[in-house]
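These notes concern the structure reproduced below.
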Amino acid sequence: MTIWPRSLGTRTAAVMMLMLATVQIVGLTIHALDRVELQRLAQTRDVGVRVMSLYRSVALAAPDQREDVLQELERRGTDQRDGMTAELLPHPPADEELPQTPIGLRRPIVVSMGLVPVPGPARARDIVMLGNSDQERLLIGMHVPDGPWLVIHMPLPPPRIWHSRSFLVAFVLMTAAAALITWWATSRLTAPVRMLANAAEALGRDVRAPPLPEDGPSEIALAASAFNTMAMRIRRFVQDRTFMLTAIGHDLRTPITRLKLRTEFIDDEDMRRKMLADLDELESMVSATLAFGRDVTIDEPVSTVDLAELVRTVLDEAGDGRPDLADQIGYAGPHHLPFRGRPVALKRALSNLVQNALAYGGSAQATLSCADGMAQLLVEDSGPGIPLAELDRVFQPFHRVEASRNKETGGMGLGLPITRNIIRAHGGDVVLDNRPTGGARATVTLPV
Amino acid sequence: METAASQAANAPPPHILVVDDDREIRDLLARFLERHGLRVTAVRDAREARRALPHGHFQMVVLDLMLPGETGMDFARWLRSPASGHASIGLVMLTAMGEETDRIIGLELGADDYVPKPFNPRELLARMRAVLRRTSDTARPADATQPRLMRFGGWTLDPARRRLLNPDQVEVPVTGGEYDLLLALVERANRVLTRDMLLDLLRGRQAGPFDRAIDVAISRLRRKLEDNGRHAQIIKTVRGGGYVLAAEVERL
């Protein structure tokens, strides 16, 4: 259902407004029905008193002046405003359309007539009452003693329930006030939920995000406290992992240092060189493990660095390391691109990509561009590319493309995971795919 | 090594104080350095180092930062204070690899260089030699410690973090070799550095033919300094083989 709003606050407000409207409508209907009773009561009293007043004036007048009194009263027009008319007839009123007035309506009118005092001899001999509220008019005949019938047509408008203006104003005002209070209350009530969502989001980006305040309504405080406990456990877990990896690294560096020193006392130069190479490999494994375990955001402050020059420096160093492939390394893009980031970490991330391109693809062409606030770096090689099945697994730690499990190209399987950790810590991402023309391509995007 | 041999012939060998708590590393390092023409006294902690310092005419201290008892940092701070009487002695720090903050603090405390463990012994030797050359340099300022920042022609060199900043304060990345080369040129601004001196600086750092490495590094530095190769204004080529940094250097 698309009408149903997505936000919890709006939903709660909508439900509450619906409830309020229902309650208002029911309440106002009860009130209106009460009004109908009241209006009917007032109407019967009005009819009784007016009819009797007219009768009194006519009955008390001299018999030959009765017609004149009636005309005089009509001329003054006091009773014509709602269509009441009166005439003197020699016979009781008759109208085929009108039934006898039911006793329920007749009695209160007759009772009201008693409110107008009439001297005993002038009292009406007989009262005929026709019509009902259904016909919306009454025909009342009163027999003047020794005289004609005074016949009165009396409109009987139905009670008007929704007539009052104040009623409408009250309804609108109440609805508006209720809506305002509902909106305020629900936005207050749902604010902690939003806060919780924001905190979870912040935790995802930075494990050391500040804890939530544990106040407010008890349920919210409980949720905040549970969330903080969870965040603390995650933090401890990350810390433990970092401590463990750092400890391993530290413990290994002493024996590796000793071994490197010992190689200096080996007379066989060839052997010495090979041992040193092995130790370098061992060291790079340890440092890769350390780099993977470490949270890049802890070690290094953010500063402005020339990303273009960083890429070129990485390429230069890669070329120095592999002089045989130096011709296969190229850069295209701007000369300068200032970027806010962590230079040492970024250099490590980009260096891994370039090293991979050289190791697996035998070349590294870097293309840097910047558009719409996003810097994009392509690192392309001309090797066999990456098997489709491996494309999404190459970012898993300690995973290595099967065919490359040999000494020349094999590493720890941590290069790409480290690269992705670093790039993501900068708010960007890195993906790998195969070029249509052959070879693998790494695409790094970074928000400038 | 030729340079070592000639040095040994001309002057008494420099005396080095090695401070490391690992006995094996201490002994192996002492043997290795002695083999390359240096005199070495090795001690296990800061207390022993303080006791040894007044008696040896030391030119340099090689200090492990992770020491039992008084830390290497505290010892370095004391060493650089006038109270030690050895404030201008060469100081090379050894510490855990990649500990960026350690390195920054260490260099800010006045270490002349920093070598992460596990180090390649020959690279350590090359770095020690470079520091020895620098500290024996008569032009070395009296306070011996490196300035926090050096500014030349709008550019800034930040020795503590081994960074180069352009006039807009944007970091321009440099490799370790390029940094050492630039630092040498900046420290001896307006003096010609011969190819041999620069070669020594890069030794142990770069693979491949050194001759070419110097030219490549200089041309990359010029690119980074936006110094047009043909009409270079900052790093000038001197006929007869050498380079000079032609700019006023402001030490901050």
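Remember, predicted model here, so these are calculated numbers, not experimental data. Here is how names work: the chains are called A, B, and so on, in the same order as the sequence lines, proteins then strands, and each is numbered from 1.
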Specify the closest pair of heavy atoms between [X] and [Y], including all atoms of both residues, with the distance to one decimal.
X	Y	result
G176(B)	E317(A)	N-OE2, 4.3 Å
V174(B)	K347(A)	O-NZ, 3.9 Å
V305(A)	V170(B)	C-CG1, 3.5 Å

| Just how far is it from atom CD of E171(B) to atom CG of D306(A), taken to the nearest 0.5 Å? |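 Rounded to the nearest 0.5 Å, the CD-CG separation comes out at 9.5 Å.
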| field | Heavy-atom side-chain contact between R223(B) and D316(A) under 4.5 Å | value |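 Yes, their side chains come closer than 4.5 Å.
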| request: State, yes or no, whether a side-chain contact exists between R163(B) and S303(A) at a heavy-atom distance under 4.5 Å. | output: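 Heavy-atom side-chain distance check passes, below 4.5 Å.
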For atom [atom1] of [X], is the number of surrounding heavy atoms from other residues, nucleotides or ligands below 6.0 Å larger than 12?
X	atom1	result
H15(B)	NE2	yes
M271(A)	CE	no
D372(A)	CG	no

| Contact winner vs chain B - T304(A), L252(A), L307(A), D280(A), heavy-atom pairs under 4.5 Å |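 Of the candidates given, the most pairs with chain B belong to T304(A).
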| field | chain A contact via Q169(B) - side chain, backbone, both or neither, heavy atoms under 4.5 Å | value |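 Answer is backbone: N, CA, C or O of Q169(B) sit under 4.5 Å from chain A.
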| Between D22(B) and chain A, which part of the residue has a heavy atom less than 4.5 Å away: side chain, backbone, both or neither? |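 Contact with chain A is through the side chain of D22(B) alone.
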Which bit of [X] comes within less than 4.5 Å of chain B, counting heavy atoms only: side chain, backbone, both or neither?
X	result
H336(A)	side chain
T254(A)	both
R312(A)	both

| field | residues 255-270 of chain A: residues contacting chain B (heavy atom under 4.5 Å, by number) | value |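 Within residues 255-270 of chain A, the residues under 4.5 Å from chain B are I256(A), T257(A), R258(A), K260(A), L261(A), R262(A), E264(A), F265(A).
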| request: Starting from the C-alpha separation in whole Å, work towards a yes-or-no answer on side-chain hydrogen bond (donor to acceptor under 3.5 Å, both in side chains) for K224(B) and T313(A). | output: CA-CA 10 Å; K224(B) 290 174 184 188; T313(A) 303; 2.7 Å; yes
